[in-house]
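Start at 1 and go down the list; that is how both ligands and their atoms are numbered. Predicted, not measured: the structure shown is a model, and the values here were computed from it.
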Amino acid sequence: MAILRAPTPRAWVVAAAARLPELLVDHANCEKKAASSAMALIFAYPEDTPLVLALSRLAREELRHFEQVQRAMRELAIPIVRQRPGRYAHELRRALRTTHPERKLDLLLAAALIEARSAERFALLAGRLPPPLGALYTQLADSEARHFELYLDFARERAPLDWQARLAGLGAREAELATTPDTELRFHSGPPVH
Ligand SMILES: [Fe+2]
Ligand SMILES: [Fe+2]
């Protein structure tokens, strides 16, 4: 993914493929959160009609992904348990500016980075998972790559002068969170320390 500042470490891929139940519980949560973040943007910027319409479609697609993961979990008899949220989304959110109109650009860029990281990791895992999940992850890699492009295009169009510098800053933080040792295994975590 062209905007990611660092690739996912191999140690994360190996751990994720070996700890499927934990990964899938978090993956299902990520799909819900992706729908919910798109909805939050729809509420925050109702006057931006092209964005609202694109994100309304995107939110529905994320909910379909959620249903697909839930189905795969049922087929694999993986129980749905509560998990503590990981550090990635929380810490990335802390890097976003709270002032208007800067926040809109930051939300679009953060969403682009999260989608790009998701696409990268679905592709890395697809070949290592049992067939039904492998096929699903290949399909999700394409879908999240499209979402990454969509968010990035809106960021470019809405802030043509600022997006590049801001992407460099947020991208560096994102890469740090995705590649440095982490206390938990999550879909967007760094390599887990235990
Ligand atoms: Fe998704
Ligand atoms: Fe997505």
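Angle OE2 (Glu115) to the Fe ion (ligand 2) to ND1 (His147): 100°, rounded to 10°.
Ring-centre distance between Phe122 and His27: below the 6.0 Å cut-off.
When distances to the Fe ion (ligand 1) are checked against a cut-off of 2.8 Å, Glu144 contributes an N, O or S atom below that limit. Because the distance cut-off is set at 2.8 Å, Glu62 qualifies as a neighbour of the Fe ion (ligand 1) through one of its N, O or S atoms. Residue side and main chain included, His65 places an N/O/S atom under 2.8 Å of the Fe ion (ligand 1).
Listed for the Arg166 side chain is no donor-acceptor partner under 3.5 Å among the backbone atoms of Leu105. Listed for the Asp106 side chain is a donor-acceptor partner under 3.5 Å among the backbone atoms of Arg97.
Taking the N/O/S atoms of Glu31 in turn, the shortest distance to the Fe ion (ligand 1) belongs to OE1.
A salt bridge links Glu91 to Arg173: at least one charged side-chain nitrogen sits closer than 4.0 Å to a carboxylate oxygen. Between Glu61 and Arg64 no salt bridge is recorded (no basic side-chain N to carboxylate O distance below 4.0 Å).
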